[in-house]
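What follows is a short report on a single structure.
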Amino acid sequence: MTTEVTNKTEETIKNSNFIKDIIDEDLKSGKHNQVVTRFPPEPNGYLHVGHAKSICLNFGLAKSYNGRCHLRFDDTNPTKEEQEYIDSIKADVQWLGFSWGDHEYYASNYFEQLYDWAILLIKAGKAYVDDQTADQIKETRGTLTKPGTNSPWRNRSIEENLDLFQRMRNGEFQNGEKVLRAKIDMASPNINMRDPVMYRILHAHHPRTGDKWCIYPTYDYTHGQSDAIENITHSICTLEFQDHRPLYDWFVENLPVPAVPHQYEFARLNLTYTVMSKRKLLRLVKENHVNGWDDPRMPTISGMRRRGYPASAIRDFCERIGVAKANSTVDFQLLENCVRDELNRNALRFMAVTRPLKIVITNYPEGKVEWIEAENNPEDPSAGTRKVPFTREIFIEQEDFMENPPKKYFRLFPGNEVRLKHCYYITANEAIKNPDGSIKEVHCTLDPESRSGSTPDGRRIKGTLHWVSATEGKKAEIRLYDHLFLLANPDKVEEGKDFLENINPESLEVLTDAVVEPDLVKVAPGTATQFLRMGYFVADLSHTPEKPVFNRTVGLKDGWAKVQRNQ
RNA sequence: UGGGGUGUAGCCAAGUGGUAAGGCACCUGCCUUUGGAGCAGGCAUCCGUAGGUUCGAAUCCUCCCACCCCAGCCA
């Protein structure tokens with residue numbers, strides 16, 4: 001990849017958005033003199049492209065305002081979090097091209113401080129230990145239209161609350177036996193303000209703090225204070241937390257925190273033909289509808305990486321979709337366009353025949369091998385050239401030959417002349433059939449004057465086909481990926497059914513008869529390439545020169561399909 | 001029926017009182033040794049609806065409509 005070309009995309013006009021407007025105002029008014037953001041994943045799953053949007057936003061803002069962005073794990077629920085996820089999240093953020101420097105934090109680092117602050121709230125009469133069961137708390141919370149009612153334990157003495165909270169920490173109670181609640185307003189129209197739970201008892205092993213704690217703070221009690229401790233200026237989250245902002249502010253206002261951070265919300269990313277919730281992605285993995293979190297059909301960062309999507313393309317995508325507050329679903333084609341855009345400029349070209357049809361060039365000597373020079377990337381002359389072997393027997397794509405072609409088909413058919421890319425012109429003379437009537441091979445003749453793709457008479461040739469020597473080419477496995485779901489909106493299902501109903505049974509097609517030019521099998525796993533006329537393909541993680549495997553990243557735009565459609 | 005949000009083209013999205021950016025998709029041409037790429041052009045008399053204010057409104061006001069989120073000891 002050349003840096004020069006890559007930078008060109010990165011510098012495309014940046015969209016303005018309401019968060020930048022807020023930051024501009026804050027900087028102008030002197031409210032802040034630097035920008036500090038944070039990306040706060042919960043380590044309970046792998047990151048997906050929706051997280052990429054948040055990562056690009058937070059790290060991107062920090063970068064363009066010369067501030068910094070923290071990576072903070074929101075690890076307050078040990079029953080769902082694992083070290084494996086922490087590791088994968090760090091790898092994915094780095095792969096996306098962002099760096100948090102020394103600023104790697106964990107909400108669990110603040111457990112002791114959070115505990116001390118909880119005691120302050122108790123002493124101020126603003127928090128209490130509640131003995132009600134989860135069900136009782138649920139019942140007394142009220143509904144959307146009816147106010148809740150006070151817990152019978154709401155007015156315990158400060159001393160008793162202090163003692164009970166200490167004993168909760170000491171492990172004297174079972175899970176669920178008691179919780180610490182903020183004393184706010186059980187009649188608030190905002191349900192989040194109806195005495196929200198601050199601590200629950202969870203006798204569980206934490207990936208970071210081990211068995212030190214058996215009480216864990218909730219998200220609401222943790223997030224704002226963590227932001228304050230880290231001096232976060234702009235705490236950016238998704239829309240569903242809008243209702244939590246008053247609570248976020250309440251804790252910050254009622255605690256002696258070192259700074260006053262503010263929360264801003266934007267709409268999460270939705271993409272057509274895929275699902276984005278961690279719960280659903282987890283199901284796809286656990287129920288084996290895909291082969292793991294990094295299956296190339298997954299919208300995870302690791303899946304896209306394995307699929308061959310360049311990090312720069314994902315960044316470009318996140319820039320192009322913008323940041324706003326309206327719920328929206330972005331067309332998957334925009335993502336694919338970003339991927340093609342990047343790959344077109346940087347991917348090395350090769351020839352590979354996915355579904356081979358043998359061509360015998362009857363006027364070419366048996367056993368002869370000519371080495372034809374081929375450019376590696378027409379978009380980038382500095383990518384150089386390579387030599388491709390040409391022989392009497394070659395393979396072309398099955399779909400590139402038809403005995404009875406429709407109008408405007410200018411590939412190979414009896415009597416027609418086409419150009420072999422980088423090579424000779426050939427004319428089809430005869431289709432040799434198998435006993436069952438299928439085509440076994442096609443006999444052709446070449447024009448010796450046409451070597452290198454043109455002739456002295458300058459005659460125009462409309463069709464150019466890619467090809468691979470039948471004797472010098474290498475066998476390879478090619479995996480063609482398609483959308484994991486049949487519908488643009490996978491959640492659109494009949495009553496009682498779920499998104500799995502819409503899984504595309506043909507989202508993966510494995511071709512084992514593919515033949516590729518010799519140089520191609522030598523590439524390293526992860527190398528992005530273009531198979532001429534077929535699309536962009538990446539050497540899979542499992543790829544070796546002895547057992548080549550390529551994943552289709554995305555196809556090329558198909559102009560012929562459009563011609564047929566409009567016919 | 002309580003509270004919080006959002007409605008600009010098929011899909012995203014700028015726009016912050018002066019007469020609708022940009023991208024994707026789509027459509028036309030041109031060009032082409034990838035039916036790719038590239039180049040040129042087209043694509044909202046109108047901004048959810050109805051009123052009002054104003055010389056002037058997508059932008060301000062009012063009503064209405066639609067959609068999303070909230071009743072985890074998840075985040």
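Keep in mind that what you see is a predicted model, and the values were worked out from it rather than measured. Chain naming here is simple, since letters A, B, ... match the order of the sequence lines and numbering starts at 1 in each.
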Can you give me every donor-acceptor pair (side chain of residues 186-196 of chain A, partner residue at least two apart or in another chain, under 3.5 Å) with its distance?
| residue | atom | partner | partner atom | Å |
| --- | --- | --- | --- | --- |
| A:Ser188 | OG | A:Asn190 | N | 3.0 |
| A:Ser188 | OG | A:Asn190 | O | 3.1 |
| A:Asn190 | OD1 | A:Asn192 | N | 2.9 |
| A:Asn190 | OD1 | A:Asn192 | ND2 | 3.2 |
| A:Asn190 | ND2 | A:Asp243 | O | 2.9 |
| A:Asn192 | ND2 | A:Asp243 | O | 3.2 |
| A:Arg194 | NE | A:Arg141 | O | 3.0 |
| A:Arg194 | NH1 | A:Ser188 | O | 2.5 |
| A:Arg194 | NH2 | A:Arg141 | O | 3.1 |
| A:Arg194 | NH2 | A:Thr143 | O | 2.6 |
| A:Arg194 | NH2 | A:Lys146 | O | 3.0 |
| A:Asp195 | OD1 | A:Arg154 | NH2 | 3.1 |
| A:Asp195 | OD1 | A:Ile184 | N | 2.7 |
| A:Asp195 | OD1 | A:Asp185 | N | 3.4 |
| A:Asp195 | OD2 | A:Tyr128 | OH | 2.6 |
| A:Asp195 | OD2 | A:Arg154 | NE | 2.7 |
| A:Asp195 | OD2 | A:Arg154 | NH2 | 3.4 |

For a quick test of your reading: what N or O donor-acceptor pairs under 3.5 Å do the side chains of residues 559-566 of chain A make, sequence neighbours left out?
| residue | atom | partner | partner atom | Å |
| --- | --- | --- | --- | --- |
| A:Trp560 | NE1 | A:Gln564 | OE1 | 3.4 |
| A:Asn566 | ND2 | A:Lys562 | O | 3.4 |

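Residues from residues 43-54 of chain A placing a heavy atom under 4.0 Å of any atom in RNA chain B do not occur. Non-hydrogen atoms lying under 4.0 Å from RNA chain B are contributed by A:Glu240, A:Phe241, A:Gln242, A:Asp243, A:His244, all within residues 239-249 of chain A. Within residues 169-186 of chain A, the residues having any heavy atom closer than 4.0 Å to RNA chain B are, in order of number, A:Gly176, A:Val179.
Atom C1' of nucleotide B:rC12 and atom CG of A:Leu269 are separated by 10 Å, given to the nearest angstrom. Remark: P of B:rC73 and NZ of A:Lys80 are 12 Å apart, rounded to the nearest angstrom. Distance NZ (A:Lys138) to P (B:rC74): 13 Å, rounded to an integer number of Å. A straight line from OH of A:Tyr85 to P of B:rA75 spans 16 Å, rounded to a whole angstrom. Taking atom CD1 of residue A:Ile137 and atom P of nucleotide B:rC73, one finds them 7 Å apart after rounding to whole Å. A:Phe18 has its CZ atom 15 Å from the C1' atom of B:rC12, to the nearest Å. One atom, NZ of A:Lys325, and another, P of B:rU8, lie 16 Å apart when rounded to the nearest Å. Atom pair A:His206:NE2 and B:rC74:C1' shows a separation of 14 Å (rounding to whole Å applied).
Aromatic ring centres of A:Phe531 and A:Phe537: separated by under 6.0 Å. If you look at A:Phe73 and A:Tyr105, their ring centroids are not closer than 6.0 Å. Aromatic ring centres of A:Phe401 and A:Phe413: separated by at least 6.0 Å. Close placement of the A:Tyr199 and A:Phe165 rings is indicated, their centers lying within 6.0 Å of each other.
Nucleotide B:rC39 forms a Watson-Crick or G-U wobble pair with B:rG29, both donor-acceptor distances falling under 3.5 Å. For B:rG7, the paired nucleotide is B:rC65, the pair qualifying as Watson-Crick or G-U wobble because both relevant distances are below 3.5 Å. Across all strands shown, B:rC46 forms no Watson-Crick or G-U wobble pair with both key distances under 3.5 Å.
Taking the six-membered ring for Trp and thresholds of 30 and 60 degrees, A:Phe390 and A:Tyr424 have ring planes inclined between 30 and 60 degrees apart. Classification of the A:Tyr264-A:His262 ring pair by plane angle, with boundaries at 30° and 60°, yields tilted.
Looking at heavy-atom distances under 4.0 Å, A:Gln530 makes contact with a base. If you check every strand for non-hydrogen atoms under 4.0 Å, A:Glu81 touches nothing. Within the nucleic acid shown, A:Phe350 has no heavy atom closer than 4.0 Å to any nucleic acid atom. Here A:Lys408 lies in heavy-atom contact (under 4.0 Å) with a base. Contact annotation for A:Arg279: no contact, since no heavy-atom pair falls under 4.0 Å across all strands.
OP1 and OP2 of B:rC69 both lie 4.0 Å or more from every side-chain N or O belonging to A:Arg268. Within the structure, a side-chain polar atom (N or O) of A:Thr76 is placed less than 4.0 Å from OP1 or OP2 of B:rA75. Residue A:Ser16 places at least one side-chain N or O under 4.0 Å from the OP1 or OP2 atom of B:rG15. The side chain of A:Thr272 places no N or O atom within less than 4.0 Å of a non-bridging phosphate oxygen (OP1 or OP2) of B:rC11.
Checked against B:rA71, B:rG3, B:rG2, the side chain of A:Arg141 finds its nearest nucleotide in B:rA71.
In this structure, A:Arg386 satisfies the cation-pi test against A:Phe350, with its NZ or CZ atom closer than 6.0 Å to the six-membered ring centre and inside 45 degrees of the ring normal. Annotation: cation-pi geometry satisfied between A:Arg208 and A:Tyr106 (NZ/CZ under 6.0 angstrom from ring centroid, within 45° of ring axis).
A:Leu446 places none of its side-chain heavy atoms less than 4.5 Å from the side chain of A:Tyr425.
Checked by atom type, the side-chain pair A:Asn377/A:Glu379 shows no donor-acceptor distance below 3.5 Å.
The salt bridge (Lys or Arg N to Asp or Glu O under 4.0 Å) contacts involving residues 261-282 of chain A comprise A:Glu240-A:Arg268, A:Arg245-A:Glu265, A:Glu265-A:Lys325, A:Lys280-A:Asp491, where partners must be two or more places apart or lie in separate chains.
Listed by chain and number, the residues in a ring pair (Phe, Tyr, Trp, His ring centres under 6.0 Å) with A:His223 are A:Tyr219 (sequence neighbours excluded). Annotation: side chain to side chain donor-acceptor pair (under 3.5 Å) contacts of A:Ser16 (sequence neighbours excluded): none. Residues passing the side chain to side chain donor-acceptor pair (under 3.5 Å) test with A:Thr455, sequence neighbours excluded: A:Asp457. Partners of A:Ser469 under the side chain to side chain donor-acceptor pair (under 3.5 Å) rule, at least two apart in sequence or in another chain, are A:Thr391, A:Thr471.
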Intermediate values then yes/no, side-chain hydrogen bond (donor to acceptor under 3.5 Å, both in side chains), A:Asn337 and A:Gln333
CA-CA 6 Å; A:Asn337 178 81; A:Gln333 289 180 103; over 6 Å; no
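For the C1' atoms, the distance linking B:rC24 with B:rA14 amounts to 15 Å, nearest Å. Here the separation of B:rU6 from B:rC47, taken at their C1' atoms, is 15 Å to the nearest Å. A gap of 9 Å separates the P atoms of B:rA58 and B:rA20, to the nearest Å.
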Sort me out a list of protein N/O and nucleotides 64-68 of chain B N/O pairs below 3.5 Å, or just none if empty.
| residue | atom | partner | partner atom | Å |
| --- | --- | --- | --- | --- |
| B:rC68 | O2' | A:Asn327 | ND2 | 3.1 |

Can you pull every protein N or O that's under 3.5 Å from an N or O on nucleotides 23-29 of chain B?
| residue | atom | partner | partner atom | Å |
| --- | --- | --- | --- | --- |
| B:rG23 | O2' | A:Arg320 | NH1 | 3.1 |
| B:rC27 | OP2 | A:Lys562 | NZ | 3.4 |

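Regarding the sugar-base torsion, B:rG72 falls in the syn class, its angle being within 90° of 0.
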